[in-house]
Every structure is written in structure tokens, then in C-alpha cells.
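Residue numbering restarts at 1 for every chain, and letters A, B, ... go by the order of the sequence lines. As the structure is a prediction and not an experimental result, all values here were calculated from the model.
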Protein chains: 2
Amino acid sequence: MSVTIKDIAKEANVSYSTVSKALNSSPLVKEVTKQKILRVAKEMGYEPNLAAKQLVRKKTEVVGLIWPTIERIVLATLVTNISKAFASTRYSMILSVDSTETAMESFKKFQVDGMIVFAESENMVPEENIPLVAYGVSGKSEVTYPIIDANHEQAMDTAVQYLYDLGHRNIAYVGLMNTDDALQNEKVEGYQKVIQKMGLTELNIATNGLDWFDGYLAVDDVLHLDKRPTAIIGSSYDISSGILRALQEKGFGVPDDISLISYDNIPQMETTEIPMTCIGVPVDELAEEIVQTIIERIESEEKNVIKKLNPSLTERESAGPVPEEDVTSS
Amino acid sequence: MSVTIKDIAKEANVSYSTVSKALNSSPLVKEVTKQKILRVAKEMGYEPNLAAKQLVRKKTEVVGLIWPTIERIVLATLVTNISKAFASTRYSMILSVDSTETAMESFKKFQVDGMIVFAESENMVPEENIPLVAYGVSGKSEVTYPIIDANHEQAMDTAVQYLYDLGHRNIAYVGLMNTDDALQNEKVEGYQKVIQKMGLTELNIATNGLDWFDGYLAVDDVLHLDKRPTAIIGSSYDISSGILRALQEKGFGVPDDISLISYDNIPQMETTEIPMTCIGVPVDELAEEIVQTIIERIESEEKNVIKKLNPSLTERESAGPVPEEDVTSS
DNA sequence: TTGTACGCGTTATCAT
DNA sequence: ATGATAACGCGTACAA
């Protein structure tokens with residue numbers, strides 16, 4: 001049997017309503033009694049009963065995160081960071097790996113105060129009355145909930161500009177193309193747009209998939225281009241890791257012979273064989289924004305905005321000045 | 001404001017205690033009234049209030065699953081399957097990706113009825129009073145909770161025997177070795193044990209890690225063995241996928257030139273470039289066992305057993321008879 | 001500043 | 001077979 005506020009009240013010689021106030025740091029209780037109560041509570045190992053609290057307050061201070069595609073690891077880091085971000089709020093997070101529909105039903109039972117979904121799960125019908133924010137591609141024109149998304153176009157702009165400033169003129173993009181994956185498409189289009197804007201030549205290398213090995217294989221195609229690029233932009237952490245490995249194996253120094261910038265801005269970029277310079281919204285910022293947005297939505301009618309977050313470029317070792325011999329040829 | 005049993009009671013002209021009984025299909029209520037109440041409840045869109053139920057019953061019928069190493073994808077399939085397995089029980093599952101310690105604290109707040117942990121998280125201190133089962137290596141001699149584990153030794157025995165019966169005499173094992181990863185060690189030792197038992201020669205190929213690429217690279221070593229093996233056992237799905245790819249690239253047919261059996265028994269084995277024959281406890285069985293065990297532990301003092309689950313071999317296409325030319329040479 | 005009393009939505013124990 | 005009512009642990013308006 002666990003200890004309740006009544007037990008504390010008895011022990012501290014006050015009424016249990018005073019205990020309740022003290023525990024909620026109400027200003028209506030004298031500092032000394034408050035301290036005493038807090039001390040007694042700790043001594044007795046008091047744990048508030050969430051169910052009781054919820055019953056009277058109609059709030060759980062829990063938000064549910066729905067992540068149905070658990071087997072695609074890309075989002076794992078984001079999930080971890082979101083979980084961490086909640087730690088410094090008074091909300092807790094629970095995670096479901098069920099289908100969006102099932103998860104929503106389950107969360108509704110739990111009476112979560114809000115939900116976060118990843119927009120991969122298309123055409124989802126938000127549970128009425130439960131605040132929702134989505135992370136992902138902001139395809140839809142009309143939304144009934146806030147959407148957090150990264151500005152992929154600007155990311156590509158920044159990356160290409162950065163490489164340009166280092167002297168690169170032949171900049172390839174390696175990633176998934178011509179699919180209906182809106183996220184990937186935004187990246188490709190961003191790349192193409194800036195390349196055209198700057199009067200350079202598009203060097204598109206399409207991969208077969210999004211895995212490490214797809215990047216690894218793509219290097220063959222890269223090296224068979226008419227103009228061998230001096231720099232490559234990889235469309236994701238996995239792809240770029242594969243590219244990096246293949247370049248090494250084929251005897252190309254990174255960044256001495258070829259520079260590499262990866263999309264995605266996650267800490268793991270630091271620990272690849274050569275620490276990778278990368279472009280993207282830092283995953284901790286992303287997490288923070290998502291968490292803040294859902295909380296605001298819960299507490300104060302945040303509007304149905306689409307927030308495009310600005311990427312930042314993190315300099316590491318995989319991108320450097322264009323090699324001497326290539327400067328002339330460009 | 002959501003509808004409560006009192007609302008239903010008013011609407012159905014009964015007392016709310018009768019409604020409660022009807023909703024819990026108590027035998028103490030006439031069939032007709034029960035049907036009426038159920039109908040009214042549905043009409044009004046009644047959803048039971050978990051918090052209230054929990055407050056009086058002291059049970060949440062929720063179990064928490066702790067998965068701190070979310071970024072290692074190996075367990076993703078298991079997690080998904082556990083989640084599915086809970087669907088057919090009256091329990092719900094919530095997932096935490098926090099550290100074991102944090103997660104336990106959080107689950108304690110939620111007052112989950114039980115917890116499942118993956119034993120990777122060593123020296124964990126079980127929350128007193130909350131039933132716990134662990135999945136993973138049963139290293140410890142003294143346990144205070146049930147442990148579910150796969151019988152790795154028997155798995156290797158079965159795999160080697162299977163290959164032996166197909167005529168193979170040179171059977172290599174590719175996997176992580178000489179680390180303190182008890183799980184990996186059990187596999188290696190199981191392999192070595194059966195090889196010795198059968199009077200064959202150990203062909204140990206150590207990888208640098210557990211990733212796809214580690215398997216891919218290991219094939220070089222395999223092919224440089226004095227006795228080129230006619231069959232390989234890969235220690236995991238990722239490793240084996242890498243092996244498979246490398247063999248293909250180097251022009252070895254699978255299984256025509258070299259047979260391959262992978263440890264792990266997950267559906268994904270079906271969809272590799274060549275569907276892989278594999279050995280291991282089928283992941284759905286594993287999930288089912290874990291779920292059953294925690295529920296029994298919650299409901300009826302299941303003992304602190306260590307359950308070693310029997311692996312099974314799933315035949316697909318990657319393992320076949322030893323090639324003719326090798327039969328003589330062995 | 002502290003205490004009393006009520007209600008949150010259920011289940012469970014009595015009466016009826 | 002059904003209804004009244006007391007918990008469950010907590011927050012809070014109101015009284016003291």
C-alpha cells in the first residue's frame with residue numbers, strides 16, 4: 001500500500017488539504033509548514049497518484065508519440081531527442097509503435113493531452129479534441145494541426161553555396177529520385193534549383209533506395225560521370241556513409257580528392273570514419289521545436305501553422321577546398 | 001465533456017451501478033437490460049475512464065517495455081511483435097526509449113502492472129513490487145525475475161547438423177568474437193562445440209562489429225581460409241545480408257557454390273536478394289512467450305525461471321547440398 | 001494560514 | 001435483478 005497525502009497529513013499534523021497545497025507549491029501555505037510537509041513526504045517516499053490527479057484535473061500531462069515505422073531507423077535519433085526534450089518539461093511522453101490508427105485509439109484511452117505523429121503516415125484523421133502536431137512533409141494545402149518541417153530547399157542552397165565558396169564547381173547529388181517520397185523530392189529539387197541558379201551543371205545520381213549500400217553502390221555511377229565531381233552531397237546519413245566507404249576503397253581521399261557533405265544533422269556524423277560535414281536542422285533543435293509546439297498547442301490554442309525550420313551547416317572534415325588539379329579544369 | 005456511466009444510467013432509466021455491472025458483463029444483470037444498456041452506451045459514444053477505473057481497482061492493465069538502445073535496430077522487429085502480441089490480451093503496452101533507470105521511474109509513476117526489459121541493460125535494479133521480465137542473456141546465476149532467452153547453443157547445433165546432412169564438411173562461422181557480449185559469445189561457443197562434437201574443423205571468422213558491412217567485409221577472410229568452406233553460418237540478419245551481397249559480387253552462387261544460414265528468425269529473411277534459410281527462435285514465438293510470461297507474472301506469481309526457448313530452422317533458398325566438386329575434396 | 005467538505009468516474013459491497 | 005452508497009487519492013472552493 002503506497003503512501004497518500006492523508007498519511008503525510010497525519011504524520012505532519014496538518015490536514016490533507018494543506019498537504020495538497022504544499023505539494024503543489026501553492027502560495028497559500030506558510031513556508032515552514034510547507035518545508036516540513038515536503039520533508040515528511042520525502043521521508044515517507046510519497047509518490048503522487050497520477051490516476052487520482054487526472055480524475056480531478058482532467059489532464060494527464062502525457063503526450064503520445066506515434067512511430068509506426070519503427071523498422072526504418074532514420075527517425076530513431078529524432079525519437080530519442082524528443083524523449084529527452086520532454087524530460088525538461090512537466091509532460092511525459094509515451095511511445096506507440098502501432099499503426100497510426102490503433103495508436104490513436106490507444107492514446108485516446110490513455111487520455112493523453114496531445115499527440116505527435118510523423119507525417120509518413122499519410123491521410124490520418126486526427127482524433128477530435130486531442131491536440132496534434134505532425135513532423136514531416138507539409139504537402140497538404142489545408143491543415144488542421146501544426147506541422148513542423150525542415151526547409152530542405154534552403155539546406156541544399158546552403159550546402160551548394162558552401163562548396164562553391166570552397167572552389168567547387170562540379171557538385172553531384174546522390175539520393176533517391178523520381179519516387180513519390182515527397183521528402184526526398186524536396187531535397188533533389190532544392191539541389192537542382194540552386195545548381196541552376198548558380199549556373200552550374202546538375203549531376204544527379206539516383207540511388208535504388210535509402211540504405212547504406214545504395215550510397216555505396218552509387219559511387220560507381222559518380223565516378224563514371226563525364227565531369228567527375230569534386231564534391232558530393234549525400235541525401236542522408238546512411239547514403240553518405242556508404243559513399244564515404246566506397247570512396248575510401250576506391251582510393252579517393254576525403255576531402256583531399258573529393259569533398260562530401262551529408263544531409264541530416266545528427267551527432268552520429270561525428271563518428272563516421274571521417275567526421276562528416278553535414279547540413280540539416282540539428283536534430284536536437286528539431287526535437288525541441290516539436291515538443292514546444294505540441295505543448296503550446298495543448299496549453300494555448302497554437303494555430304495550424306506550418307513551421308519550416310532553418311537548417312544549419314556543421315563543419316567537420318569531409319568537405320574541404322577543391323583540389324589544385326581540378327581548379328584549372330573547371 | 002465525455003459521457004459517463006451516470007449519463008447512460010439516466011438515459012436507460014437504471015441506476016449507474018447497474019450500468020457498471022452491465023458494462024463488465026456481470027451475470028447479475030438481466031440479459032435484456034444489459035443489451036439495452038450496451039446499446040445506449042454505444043449510441044452515446046461512451047468511453048470508459050481509465051483513471052477512475054484504475055483508482056478503484058489499483059490495476060492499470062498496462063505493461064511498460066523499456067528499449068533504451070533504440071538506435072540498434074536489431075530489436076525493432078521483436079518490439080513490433082511484442083506490441084502485436086499484446087493486442088490480443090486485455091493489456092496495453094507502452095514503450096519507453098529512456099535509460100532503464102529513467103524509464104522505470106516513469107513507468108512507476110504510470111503505475112504499470114509490469115515491465116519488460118532487454119537484458120542488454122546490465123545490472124539493473126528491478127523496481128520493488130513491480131513484476132518484471134527480461135529478455136536476453138541469462139548470465140546471472142541468481143535472478144529475481146523471469147528471463148526469456150533463446151537457446152543459442154542448440155541453434156548452432158541444429159544449423160550445423162542441417163548443413164552436415166546436406167553433405168557439408170567445411171562450415172564457417174562469421175560473427176563477433178572475443179568481446180564481452182555474452183549473446184554473441186554463446187553463439188560462437190555453440191558453433192565451436194558442435195563442430196568439435198562432429199569431428200569437423202572450426203572455421204572462425206571474426207567480424208569487427210555487428211553491422212551489414214562487417215559481414216560484407218568478412219567474406220574476404222572467408223575466401224582466404226586454407227579450406228574454403230562450402231557453407232557459412234552468419235551470426236545475425238545484418239551480418240548475413242552483408243555476406244550474401246559480397247558472395248554475389250565475387251561471383252559465388254548461393255547456394256550453388258556456397259550455402260548460407262543466418263542466425264535470427266525474422267520475416268525479413270524472406271526478402272533478401274536470395275531468401276535466407278535461417279535458424280533461431282521465430283520472433284513471433286519469442287514475443288508471445290515474453291508477453292505470456294509477464295502476464296502470468298502479474299496475475300499469478302510466476303517463478304523466477306530462466307526460459308530457454310528452442311530455435312527452429314526455417315528452410316528457404318540460401319542453403320543447399322554441397323557442390324559436386326567439393327564432395328570429393330572433403 | 002489552515003481545515004472541511006465535495007466531486008471527479010469507477011468498482012464493489014451491501015441492501016432491497 | 002437492481003439500486004444505494006462507500007471507497008479510491010487528489011484538487012479546490014469555501015469556511016474557519
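Shortest non-hydrogen contact noted between Ile8(A) and Ala41(A) is CD1-CB, 3.7 Å. In plain terms, the two heavy atoms of Asp7(B) and Val3(B) that are nearest each other are OD2-CA, 3.4 Å. Scanning all heavy atoms of the two residues, the minimum distance from Asp98(B) to Ala103(B) falls at CB-N, 4.0 Å.
Using a 4.0 Å heavy-atom criterion, one finds that Lys6(B) contacts the bases of the nucleic acid, with or without backbone contacts as well.
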N/O donor-acceptor pairs under 3.5 Å from side chains in residues 106-119 of chain B, not counting sequence neighbours:
unit_1: Lys108(B); atom_1: NZ; unit_2: Glu127(B); atom_2: OE2; d: 3.3
unit_1: Gln111(B); atom_1: NE2; unit_2: Asn49(A); atom_2: OD1; d: 3.3
unit_1: Asp113(B); atom_1: OD1; unit_2: Thr60(B); atom_2: N; d: 3.1
unit_1: Asp113(B); atom_1: OD1; unit_2: Thr60(B); atom_2: OG1; d: 3.1
unit_1: Asp113(B); atom_1: OD2; unit_2: Thr60(B); atom_2: N; d: 3.3
unit_1: Asp113(B); atom_1: OD2; unit_2: Glu61(B); atom_2: N; d: 2.6

Side-chain donor-acceptor pairs under 3.5 Å in residues 282-289 of chain B, sequence neighbours left out?
unit_1: Glu288(B); atom_1: OE2; unit_2: Gln292(B); atom_2: NE2; d: 3.0
unit_1: Glu289(B); atom_1: OE2; unit_2: Thr293(B); atom_2: OG1; d: 3.4
unit_1: Glu289(B); atom_1: OE2; unit_2: Lys307(B); atom_2: NZ; d: 2.8

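Going from atom CD1 of Ile266(B) over to atom CD of Gln268(B) covers 4.0 Å, rounded to the nearest 0.5 Å. Atoms CH2 and CD1, on Trp67(A) and Ile82(A) in that order, are 10.0 Å from each other to the nearest 0.5 Å. How far OG of Ser96(A) is from CD1 of Ile66(A): 6.5 Å, rounded to the nearest 0.5 Å.
In this structure, the NZ atom of Lys109(A) is 18 Å from the P atom of dG9(C), given to the nearest Å. Atom CD1 in Ile8(A) sits roughly 16 Å away from atom P in dT2(C) (whole-Å rounding). A straight line from NZ of Lys58(A) to C1' of dT10(C) spans 12 Å, rounded to a whole angstrom. Whole-Å rounding puts the Leu23(A) CG to dT12(D) P distance at 13 Å. Here dC8(D) presents its P atom at 17 Å from NZ of Lys59(B), a figure rounded to the nearest Å. Between the CG atom of Asn24(B) and the C1' atom of dG9(C) there is a distance of 13 Å, given to the nearest Å. The nearest whole Å value for the distance from the CD atom in Gln35(A) to the P atom in dT1(C) is 14 Å.
The pair Lys308(A)-Glu186(A) meets the salt-bridge criterion, with a side-chain N (NZ, NE, NH1 or NH2) lying under 4.0 Å from an Asp/Glu carboxylate O.
The environment of Glu105(B) atom CD is sparse: at most 12 non-hydrogen atoms of other residues, nucleotides or ligands sit within 6.0 angstrom.
A heavy-atom distance below 4.0 Å to DNA chain D is reached by these residues of residues 42-55 of chain B, ordered by number: Leu55(B).
Sorted by first then second residue, the salt bridge (Lys or Arg N to Asp or Glu O under 4.0 Å) pairs that include residues 21-38 of chain B, not counting sequence neighbours, number zero.
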For nucleotides 1-7 of chain D, just jot down a letter per nucleotide in 5' to 3' order: B, S or -, based on protein non-hydrogen atoms under 4.0 Å.
SBBBBB-
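Note that the two end axes of the helix from dT1(C)-dA16(D) to dT16(C)-dA1(D) enclose an angle of 50°, each drawn from 5 base pairs, rounded to 10 degrees.
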